[in-house]
Amino acid sequence: MKEERILIVEDDVSIAENIEEILELLGYVNIDIANSANQAIKVIKKYKPDLVFMDIKLKGDKDGIELGEIIKQMIEVPLVYVTSYSDPTIIERAKRINPAGFIVKPFNTNDIHAIVEIVLYNKRTKPTMEAVATKAKDDSPYLVTDAVFIKADNAYERVPYKDIYYVEANGNMVTIFTKNRNYTIRKSMKDMEEKLPSHLFLRVQKSFIVQLGQIESFSTKDITLMSGAIVQVGRQYYNSFLAKLNTITES
């Protein structure tokens with residue numbers, strides 16, 4: 001009996017059950033099946049699987065590639081895409097999130113066996129992202145890790161991350177809203193995403209980045225911050241945003 005937990009994300013019941021049967025024949029007993037992006041996110045939050053089989057063409061508002069991007073933000077887990085498509089555009093999109101491999105339909109037991117053994121072996125022997133991040137932090141040239149220095153007038157002012165409420169873009173300018181004052185500078189949102197720690201800040205709309213610790217409440221449409229500000233949530237960003245938060249919902 002093999003202890004690794006495997007998640008199958010597939011909206012075709014017969015294909016999902018086929019993969020499950022093959023995995024059971026190979027000795028895997030901890031297997032979960034999700035047929036949508038929302039269900040997959042719930043399973044991942046609860047069980048943190050060791051491997052995910054993902055259908056690229058999921059039904060709903062998120063396909064398997066968009067869901068894969070969200071999962072990568074939640075946990076470090078290898079993704080294996082299951083697809084009947086060889087469209088170069090789809091493959092290029094999928095490559096951007098570094099999947100562990102592809103399985104092409106129709107597949108057989110040997111196909112599943114080979115990819116599972118290789119992927120899980122690589123997972124066991126590869127350093128975790130946490131260890132890599134710790135090393136990167138130790139090697140970082142930045143000695144101040146709880147604040148950023150923002151140029152205002154002729155001086156750089158120290159702004160603790162906890163005092164930043166949100167960032168709003170307006171053309172090629174951004175405004176950083178903080179506890180003591182607001183800063184308007186010429187910067188792109190991409191630059192701001194790279195400058196602000198990803199475990200503290202998240203882009204929730206094309207024009208907004210919020211500090212997660214400042215969230216008072218939220219809905220599918222907007223976020224209320226402790227400062228009283230209300231920030232809209234983009235539809236394409238919502239699942240990624242939700243995945244970052246520890247939530248309790250009705251079963």
Problem - Hphob cluster co-occupancy, Leu120 + Ile22, side-chain heavy atoms under 4.5 angstrom - result: yes
Exercise for the section: Look at the rings of Tyr166 and Phe177 and say which category their plane angle falls in: under 30° parallel, 30 to 60° tilted, over 60° perpendicular. Expected result: parallel
Fill in the blank from the handout: d(Ile112 CD1, Asn18 CG) to nearest 0.5 Å is 7.5 Å
Handout entry: Leu67-Met74 co-clustered via ILVMFWY side chain contacts under 4.5 Å
Key = yes
Handout entry: Beyond-backbone contact of Thr83 with Ile90, side-chain heavy atoms, under 4.5 angstrom
Key = no
Completion exercise
So CG of Leu23 and CZ of Phe53: to nearest 0.5 Å the spacing works out to 5.5 Å
Exercise for the section: Measure from the side-chain N and O atoms of Lys62 to the backbone N and O of Gln236, and report whether any donor-acceptor pair falls under 3.5 Å. Expected result: yes
Practice task
Without swapping roles, check the side chain of Asn122 against the backbone of Val119 for a donor-acceptor pair under 3.5 Å.
Solution key: no
Exercise for the section: List the steps, then state whether side-chain contact (heavy atoms from CB on, under 4.5 Å) holds for Tyr47 with Asn30. Expected result: CA-CA 10 Å; Tyr47 294 116; Asn30 298 316; over 6 Å; no
Fill in the blank from the handout: Across all chains, not counting sequence neighbours, the ring-ring contact (aromatic ring centres under 6.0 Å, His included) partners of Tyr165 are none
Practice task
State plainly whether the residues Glu92 and Arg96 are in salt-bridge range, i.e. N to O under 4.0 Å.
Solution key: no
Handout entry: Ile15 side chain near Lys105 side chain, heavy-atom distance below 4.5 Å
Key = yes
Handout entry: Same cluster (ILVMFWY, side-chain, under 4.5 Å), Ile75 and Val9
Key = yes
Handout entry: Side-chain donor/acceptor of Asp153 to backbone N/O of Ala155, under 3.5 Å
Key = no
Fill in the blank from the handout: Given the options Val204, Asp222, Val167, Val231 meets side chain to side chain contact (heavy atoms under 4.5 Å, CB included) only with Val204
Problem - Flag, side chain of Arg203 to backbone of Lys206, donor-acceptor distance under 3.5 Å - result: yes
Fill in the blank from the handout: Sequence neighbours excluded, the answer for side-chain contact (heavy atoms from CB on, under 4.5 Å) partners of Ile97 is Glu69, Leu79, Tyr81, Pro99
Practice task
Can you see which heavy atom on Ala152 is nearest to which on Arg181, and at what distance?
Solution key: CB-NH1, 3.6 Å
Practice task
Kindly compute the distance separating CD1 (Ile65) from CD1 (Ile56), expressed to the nearest 0.5 Å.
Solution key: 5.0 Å
Practice task
Without swapping roles, check the side chain of Glu10 against the backbone of Ile33 for a donor-acceptor pair under 3.5 Å.
Solution key: no
Handout entry: Under 3.5 Å donor-acceptor, Glu117 side chain and His113 backbone
Key = no
Handout entry: Considering all heavy atoms, the nearest Lys162-Gln211 contact
Key = O-NE2, 3.2 Å
Practice task
Give a yes or no answer on whether the side chain of Asp50 reaches the backbone of Arg5 with a donor-acceptor pair at less than 3.5 Å.
Solution key: yes
Practice task
Check the surroundings of atom NZ in Lys72: do more than 12 heavy atoms from other residues, nucleotides or ligands lie under 6.0 Å from it?
Solution key: yes
Exercise for the section: Check salt bridge (Lys or Arg N to Asp or Glu O under 4.0 Å) between Arg124 and all other residues, then give those that pass, not counting sequence neighbours. Expected result: Glu4
Problem - Polar contact flag, side-chain donor to acceptor under 3.5 angstrom, Asn180-Thr178 - result: no
Problem - Whether Gln214 side chain and Leu225 backbone form a donor-acceptor pair below 3.5 Å - result: no
Problem - Asp32 side chain to Leu7 backbone, donor-acceptor under 3.5 Å - result: no
Practice task
Verify whether one side chain among Thr247 and Lys45 offers a donor that lies under 3.5 Å from an acceptor in the other.
Solution key: yes
Exercise for the section: Answer yes or no: is there a side-chain heavy-atom contact under 4.5 Å between Asp11 and Ser36? Expected result: no
Practice task
Determine whether the aromatic ring centres of Phe218 and Phe241 lie less than 6.0 Å apart.
Solution key: yes
Handout entry: Nearest heavy atoms of Pro78 and Ala100, plus distance in Å
Key = CB-CB, 3.8 Å
Problem - Nearest-0.5 Å distance, CD1 of residue Ile176 to CD1 of residue Ile185 - result: 4.0 Å
Practice task
Could you tell me the separation between the CD1 atom of Ile209 and the CG atom of Leu202, rounded to the nearest 0.5 Å?
Solution key: 8.5 Å
Problem - Verify same cluster id: Tyr237, Ile44 (apolar side-chain graph, 4.5 Å) - result: no
Practice task
Kindly indicate whether the side chain of Asp146, heavy atoms from C-beta on, has any atom under 4.5 Å from the side chain of Val144.
Solution key: yes
Problem - Note: Arg186-Asp191 ion pair, threshold 4.0 Å (strictly below) - result: no
Exercise for the section: Taking all heavy atoms of Arg158 and all of Ala147, pick out the closest pair and write down the distance. Expected result: CZ-CB, 3.8 Å
Exercise for the section: Can you see which heavy atom on Ala169 is nearest to which on Met189, and at what distance? Expected result: CB-CG, 3.4 Å
Handout entry: Heavy-atom side-chain proximity of Ile223 to Phe208 below 4.5 angstrom
Key = no
Completion exercise
The reported gap from NZ in Lys2 to OH in Tyr28 (rounded to nearest 0.5 angstrom) is 4.0 Å
Practice task
Find out if a path of hydrophobic residues (ILVMFWY) with successive side-chain heavy-atom gaps under 4.5 Å connects Ile118 to Ile115.
Solution key: no
